[in-house]
Amino acid sequence: MPIVLIVAEQQPDGNLRKATLNAISAGKQLAEKAGGELHIALVGKDPAKAGDELKGFGAKAVHVGAAPELEHYLAETYAPAIAALAQELKADYIGMASTAQGKDLLPRVAGRLRAAMATDVMAINGSGADITFTRPMWAGNVFADVKLTTPVKVLTLRATEFTAAAGGQGASEVKAFSPKVEASKTKFVDFKEVKSARPELTEARVVVSGGRGTKGDFKEIEGLADDLGAAVGASRAVCDAGWVPNDLQVGQTGKVVAPALYIAAGISGAIQHLAGMKSSKTIVAINKDPEAPIFQVADYGMVADLFKVLPELRAELAKLK
Amino acid sequence: MKILVTAKRVEDPESKIKVKPDGSGIVQEGLKYKINPFDEIGVEEGLRLVAKHQGEVVVVSIGGKEVQEQLRHALAMGAHRAVWVNHTGPVDQLGIAGLLQKVVEKEQPDLVVLGKQSIDDDQNQVGQYLAEFLGWGQATFASKVESMESEQEKNKVPAIVVSADKKSVQVIREVDNGLATVECQLPAVVTTDLRLNQPRYASLPGIMKAKSKPIEELSPAKLGVDVTPAIQVLKMSSPPPRKAGIKVEDVPSLVAKLHNEAKVV
């Protein structure tokens, strides 16, 4: 029976990374289509609490491996632990959310197992042994159906394309295992977290993004975001100019978002940026240039100056409350 | 220091990519080609490191003879010599990493710098595969913290810092929710993110000089690597188009649409 192993991710504070739930949901779908069963893996210094949280998602088993050497995430130490577990379980598929960690770790796991890999999987097609994956290429301008022909297949799963799995589906068996520990040539030095009171970009229901048109003045963008309980995003140009922190960047090389509402203010809509937000449910574009490519993907476009429109928009939205 | 960098040939990121009607690939006519932007950043970083620590930058590309264009571009930027793995058939990330492993074993660089992904297949795998195949440390998504355009840029702590004894590098990595710093023993593999640096333009003398710089030709057969792909692209398609949007005249009508039609506010 095909075994699907989904790797869970902990945040630095030990809590489960939310995108893991989307990956679990993709894993469940894959297990159903392949006619197999879902397993979940979690490794770290002290993963017991997060491991316990994973019980309610209907997996056959949750494998929790604790080792002091795994205190800080490093691809070099986590990959042997995950690869050895996958071998022991005879996993056919190994998947993880397409987070920075997923993209750093899984190719290393795949390398160890000489397995082919698909990055940013958006859909799982077919059934039985005939499973293919849809993934974006050329910044999302092309969708490709790919088949992986190695015995073990490795995937990162784009969280925005799979609904988050819901808990409360019985209690999976939690199995403790001793993760394989290898000496590492890399060591952790430090991690500087960028903290924000606003919701995380990839998880927010509403995203308000600013582009070059803001000329670096994000006051109105931030104000509107706070009114709406939204996350703030930005185009690459704005991040490159140093106007806002890099981790706000939405795009092919930044974050991929798919909120219910995406408001793009002063963003022209370069291919790079569109790749990161095209899947949003409703898109609003505000731009002075009527020819801006952003209007081609916007559900509602306004050809206007954002500095005039945003305050008006905030006032008008306040009336709804 | 000897630094090996990659220079993949990709479609110009500004090009409009269209899928062939039969889904067998993309329409090639009229496309321009460039060095993968992430790799170009890798070349630049290699040149900056060598300027500081002496040594040479060796650039490698895999593909038909047309990839010599990208190798010459890197040479014109200042890379010292080039290795061309002549291969015209399809190749996947496992195959590329296998070929690079052999080139690395032959060249024995202190550091390999690659783009974190190439802008055609967007896979983001080769650096990690390569580090694993070699048993080396990896630092992916190397990125500078601050602005590329600011005046202070030159004074900022660079993202890749070689230790005084040249036995390790500290790398600042851009990850979700923050910046991670790791220290890798050399040799190591580093993959570049966009904000690591701003690649230089190739100067005219650089372009002239590049013409006489050596390009060594290798092949999968010479390197003893089987490059039969294990990742098969069965079909390509265009993303479903978004339904045509509308222009709204004023803010009240926008809010009305968002409230009553889209029901998102």
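Here is how names work: the chains are called A, B, and so on, in the same order as the sequence lines, proteins then strands, and each is numbered from 1. As a basis for the values below, the full set of heavy atoms in this structure was taken, side chains included, without hydrogen atoms, waters or symmetry mates.
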statement: Okay, A/Ile283 and chain B: the region with an atom under 4.5 Å from a heavy atom over there is both
- request: Examine whether an atom of B/Ser15 lies under 4.5 Å from a heavy atom of chain A, and if so say whether it belongs to the side chain, the backbone or both; otherwise answer neither.
  value: backbone
- request: For residues B/Ala230 and A/Ala116, report the shortest heavy-atom separation together with the two atoms involved.
  value: O-CB, 3.7 Å
task: Would you sort out whether B/Val175 and A/Phe191 count as a side chain to side chain contact (heavy atoms under 4.5 Å, CB included), showing the intermediate values?
output: CA-CA 9 Å; B/Val175 297; A/Phe191 176 68; 3.6 Å; yes
- prompt: Is it the side chain or the backbone of A/Thr77 that comes within 4.5 Å of chain B heavy atoms, both, or neither?
  reply: neither
message: Taking A/Ala139's backbone N and O only, do any of them form a donor-acceptor pair with B/Asp122's side chain (distance below 3.5 Å, no angle check)?
response: yes
- prompt: Taking atom types as modelled and ignoring hydrogens, do the side chains of B/Asn124 and A/Thr119 form a donor-acceptor contact shorter than 3.5 angstrom?
  reply: no
task: Kindly compute the distance separating OG (B/Ser238) from CG (A/Asn141), expressed to the nearest 0.5 Å.
output: 8.5 Å
task: Decide side chain to side chain contact (heavy atoms under 4.5 Å, CB included) for A/Thr149 and B/Gln232; before the verdict, give the C-alpha distance in whole Å, the side-chain angles of both, and the deciding distance to 0.1 Å.
output: CA-CA 8 Å; A/Thr149 62; B/Gln232 295 171 357; 3.6 Å; yes
Distance-minimising heavy-atom pair for A/Pro107 and B/Tyr129: O-CD2, 3.6 Å
- prompt: So what's closer than 4.5 Å to chain B heavy atoms on A/Leu74: side chain, backbone, both or neither?
  reply: side chain
- prompt: Can you tell me how far the CG atom of B/Asn177 sits from the CG atom of A/Asp247, to the nearest 0.5 Å?
  reply: 7.0 Å
- prompt: Is B/Arg242 reaching over with its side chain to a backbone N or O of A/Ser279, donor-acceptor style, under 3.5 angstrom?
  reply: no
field: Polar side-chain atom of B/Asp176 near backbone of A/Ala100 as donor-acceptor pair, under 3.5 Å
entry: yes
query: side-chain contact (heavy atoms from CB on, under 4.5 Å) with B/Gln123: which of A/Lys103, A/Met117, A/Arg135?
result: A/Arg135
Nearest-0.5 Å distance, CD of residue B/Gln170 to CG of residue A/Asp190: 8.0 Å
- prompt: Checking A/Glu76 against chain B: side chain, backbone, both or neither under 4.5 Å from a heavy atom?
  reply: side chain
field: Within 45° cone of A/Phe295 ring axis and under 6.0 Å: B/Lys247 NZ or CZ
entry: yes
task: Kindly compute the distance separating CD1 (B/Ile231) from OG1 (A/Thr150), expressed to the nearest 0.5 Å.
output: 8.0 Å
message: Is A/Leu320 in contact with chain B via its backbone, its side chain, both, or neither, using a 4.5 Å heavy-atom distance?
response: side chain
- request: Measure the spacing between CE of A/Met302 and CG of B/Asp250 and express it to the nearest 0.5 Å.
  value: 6.0 Å
- prompt: In Å and rounded to the nearest 0.5 Å, what is the CD to NZ distance from B/Gln138 to A/Lys185?
  reply: 12.5 Å
- line: Heavy atoms of A/Val284 and B/Leu258 approach each other most closely as CG2-CD2, 3.6 Å
Interface moiety of A/Glu182 toward chain B, non-hydrogen atoms closer than 4.5 Å: neither
task: Could you tell me whether A/Arg114 sits above the aromatic face of B/Phe133, with NZ or CZ closer than 6.0 angstrom to the six-membered ring centre and within 45 degrees of the axis?
output: yes
field: Side chain A/Arg108, main chain B/Gln128, donor-acceptor under 3.5 Å
entry: no
